[in-house]
Amino acid sequence: MNLTNLNAFEILKLFNSNKLSTVEYVSELISHIKLREPNVEAWAFLNEDLVMTHAKTIDEKRSNNLQKSFAGIPIGIKDIIDTRDFPTENGSKTCLGRKPKEDAHLVKLLRENDIIIFGKCVTTEFALSAPGKTKNPNDLECTPGGSSSGSAAAVADKMIPTSIGTQTGGSVLRPASFNGIIGFKPTFGSISRSGISPISYRLDHPGVYARCIEDIRIISNLIISYDENDYDMINNLSLKENIVEKSDYKFAFVKGPAWPKGDEDMKENFEEFINNSKLNITEITLPESFDNALQNHEIIMNGGIYSSLKKVYKEDKENLHPYTINRIENGLNLNASDYVDSIESAKKMKFDLNAIFKNFDAIITPAAPGEAPRDLSTTGNAMFNGYWTMMGVPAISLPLLKGKNSLPIGVQVITSWKKDNLLLNISDTILKDYQ
């Protein structure tokens, strides 16, 4: 049995039936990482000794029936998320050697449940546009996407079953699409950002990567938890409650304002998927309020970038990547009235989107413009994700399509606010029907 092929929920069954120890599993993953990491380069930091020590401790607890329910699941953490025992350098020369004194809130929750923090996954600089070293494991000449490059690539290459990323534009769903895995961005405010380097407080979302919905549920349930230190948190979101299963979910197929800029190959693949689907899908046109959605998201994001990174820009600009400098300066030169107008436009979009969800269970739309670009100097374009991120709705990328080069293309599925449990149920149904 090749343990690296198994998902976390399958590994847990082996743990609980005493057919596999945590040390045995972790050792297999470490061997695989040593084999593959020189090519994929998904990791910013790994510490084999720390990982093995934690694995041994879990096995000791298990022998005494003291283990937590999900103890021993390995996870990678994006390197903009603070960890007390690993450096957190935000993918930037300006943060070399930075060692946080405490864990980010979501990392604390993972540790409380004996999830094994395997290490820090490569991020673009400050989760913006400057690529890190990571390559797409499906084709090493292609970008893995960004900004959660290493988090997605490590799961896709079976180095670990789960990882954490973040999304302000399309930094969870686009890498999921490019790498051919599942990327889940829950409702805005459901996972704390405390201890995470910010880009835009109005847009930042942590998210989860895995290769199956069961694993997405496990990790999401552990980190969806109220934190009073994050001012944008929402209450009472749970993925545990029972919902009525349906066989006739109603889907709205949305091309949206990004569609004209998508690759022709993606459009053909996507329309074939829609036309031949077993799902109850109706194509709709988004309301007029969405006409400037791409620009509105860009303006709000640029304002957040400058607010979040102006200190490092003023104090250490020479060590920033030119891409990062350009993004910060776009915010520096932003007109305040344009920023306010974009926020108000987003409110109107949310109002109109709510009307759509009264008639449909979910929206289906592309997760990326096409296959991963064969260009390691870019991480691709987030245009199919940004305005949904701005809406704060839960969204997921499902690895359902292949492009002309046999590389993955994700299908993005979106439900209404706080309907995350519904989204995962729908996604599970779709995956079982199409894989």
Side-chain angles (χ1 to χ4, degrees), residues 3-4 6-33 43 45-79 81-88 100-121 151 154-155 158-165 184 186 190-192 194-196 206-227 238-240:
L3 297 176
T4 62
L6 300 182
N7 296 312
F9 83 95
E10 295 169 315
I11 290 294
L12 285 173
K13 291 178 181 177
L14 295 177
F15 287 162
N16 294 330
S17 61
N18 294 316
K19 294 179 180 177
L20 179 70
S21 72
T22 315
V23 167
E24 288 172 328
Y25 178 48
V26 163
S27 297
E28 184 99 359
L29 293 183
I30 289 173
S31 295
H32 181 63
I33 290 171
W43 298 92
F45 299 99
L46 280 166
N47 188 321
E48 182 178 338
D49 291 340
L50 268 179
V51 171
M52 290 303 297
T53 298
H54 195 180
K56 290 174 183 176
T57 300
I58 291 169
D59 282 340
E60 290 172 4
K61 291 181 179 179
R62 187 170 284 116
S63 67
N64 294 306
N65 293 318
L66 298 173
Q67 81 280 6
K68 303 282 186 177
S69 298
F70 303 109
I73 293 177
I75 199 164
I77 305 294
K78 185 176 180 177
D79 195 34
I81 302 172
D82 284 351
T83 44
R84 68 174 187 267
D85 49 4
F86 291 95
T88 303
K101 294 181 180 179
E102 62 178 318
D103 290 326
H105 184 79
L106 69 83
V107 174
K108 292 178 184 177
L109 294 172
L110 293 169
R111 289 196 200 275
E112 287 171 5
N113 287 277
D114 267 338
I115 304 300
I116 299 179
I117 310 298
F118 244 61
K120 305 304 287 292
C121 297
S151 299
V155 172
K158 301 180 180 179
M159 297 177 178
I160 43 172
T162 64
S163 67
I164 302 294
F184 172 54
S190 58
I191 301 175
S192 170
S194 296
I196 300 178
V208 181
Y209 288 114
R211 297 188 297 269
C212 65
I213 295 298
E214 290 94 333
D215 288 2
I216 293 284
R217 278 191 181 279
I218 289 171
I219 300 301
S220 298
N221 270 319
L222 296 180
I223 62 176
I224 290 178
S225 177
Y226 186 79
D227 173 21
S238 173
L239 302 182
K240 299 177 181 179

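In what follows, every heavy atom counts, from backbone to side chain, and hydrogens, waters and symmetry copies are set aside.
- Side-chain contact between Asn7 and Pro161 is absent, with no heavy atoms from C-beta onward closer than 4.5 Å.
- Looking only at distances, no side-chain donor or acceptor of Arg217 sits under 3.5 Å from a matching main-chain atom of Cys212.
- If you take CD1 on Ile218 and CZ on Phe9, they are separated by 8.0 Å, rounding to the nearest 0.5 Å.
- Put simply, CG on Asp79 and OG on Ser151 are 9.0 Å apart, with the number rounded to the nearest 0.5 Å.
- Each of Leu29, Val51, Thr57 was evaluated against Ile116; a single residue qualifies, Val51, per the side chain to side chain contact (heavy atoms under 4.5 Å, CB included) test.
- Taking every heavy atom of both residues into account, Pro186 and Pro206 meet most closely at CD-O, 3.4 Å.
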Without placing hydrogens or testing angles, list every side-chain donor-acceptor pair under 3.5 Å for residues 64-75, not counting sequence neighbours.
from: Asn64; atom 1: ND2; to: Glu60; atom 2: O; distance (Å): 3.1

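- Heavy-atom minimum distance, Thr4 versus Lys158: O-CB, 3.5 Å.
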(request) Go through Ile30 and Val26 one step at a time and tell me if the side chain to side chain contact (heavy atoms under 4.5 Å, CB included) criterion holds. (result) CA-CA 6 Å; Ile30 289 173; Val26 163; 3.7 Å; yes
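- Side-chain contact between Arg111 and Thr83 is present, with at least one heavy-atom pair separated by less than 4.5 Å.
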(request) Determine, step by step, whether Lys61 and Asp114 satisfy the side chain to side chain contact (heavy atoms under 4.5 Å, CB included) criterion, reporting the C-alpha distance in whole Å, the side-chain angles of both residues, the deciding distance to 0.1 Å, and the verdict. (result) CA-CA 10 Å; Lys61 291 181 179 179; Asp114 267 338; 2.9 Å; yes
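- Residues Ile216 and Phe184 share a closest heavy-atom pair of CG2-CD2, 3.6 Å.
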(request) Might you work through the side-chain hydrogen bond (donor to acceptor under 3.5 Å, both in side chains) test for Thr88 and Lys120, ending with a clear yes or no? (result) CA-CA 8 Å; Thr88 303; Lys120 305 304 287 292; 2.7 Å; yes
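- To the nearest 0.5 Å, atom CG of residue Leu3 and atom OH of residue Tyr25 are 7.5 Å apart.
- For the pair Leu6 and Leu14, the minimum side-chain heavy-atom distance is below 4.5 Å.
- Contact detail for Ser192 and Leu106: the closest heavy-atom pair is O-CD2, 4.1 Å.
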(message) Quick one, Leu110 with Ile223, criterion side chain to side chain contact (heavy atoms under 4.5 Å, CB included). Give me CA distance, side-chain angles, the key distance, then yes/no.
(response) CA-CA 7 Å; Leu110 293 169; Ile223 62 176; 3.7 Å; yes
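- Interatomic distance, Lys108 NZ to Ser225 OG, rounded to the nearest 0.5 Å: 11.5 Å.
- Although no hydrogens or angles enter the test, the distance criterion places a donor-acceptor pair under 3.5 Å between the side chain of Asp59 and the main chain of Val23.
- Looking at every heavy atom in both residues, Cys121 comes nearest to Gly76 through SG-CA, 3.8 Å.
- Separation of atoms CD1 (Ile117) and CG (Asn47) is listed at 12.5 Å; rounding is to 0.5 Å.
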(message) Test side chain to side chain contact (heavy atoms under 4.5 Å, CB included) on Leu50 and Phe86; report intermediate values, then the result.
(response) CA-CA 10 Å; Leu50 268 179; Phe86 291 95; 4.1 Å; yes
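- Note on ring orientation: taking the six-membered ring where Trp is involved, the planes of Phe118 and Trp43 are tilted (angle from 30° to 60°).
- In this structure, the side chain of Asp227 does not engage the main chain of Ile191 through any donor-acceptor pair within 3.5 Å.
- Counting heavy atoms of neighbouring residues, nucleotides and ligands inside a 6.0 Å radius, atom CD of Glu10 exceeds 12 of them.
- Rounded to the nearest 0.5 Å, atoms CZ (Arg62) and CG (Asn18) are 8.0 Å apart.
- The two atoms that bring Ile164 and Ile81 nearest to each other are CG2-CD1, 3.6 Å, heavy atoms only.
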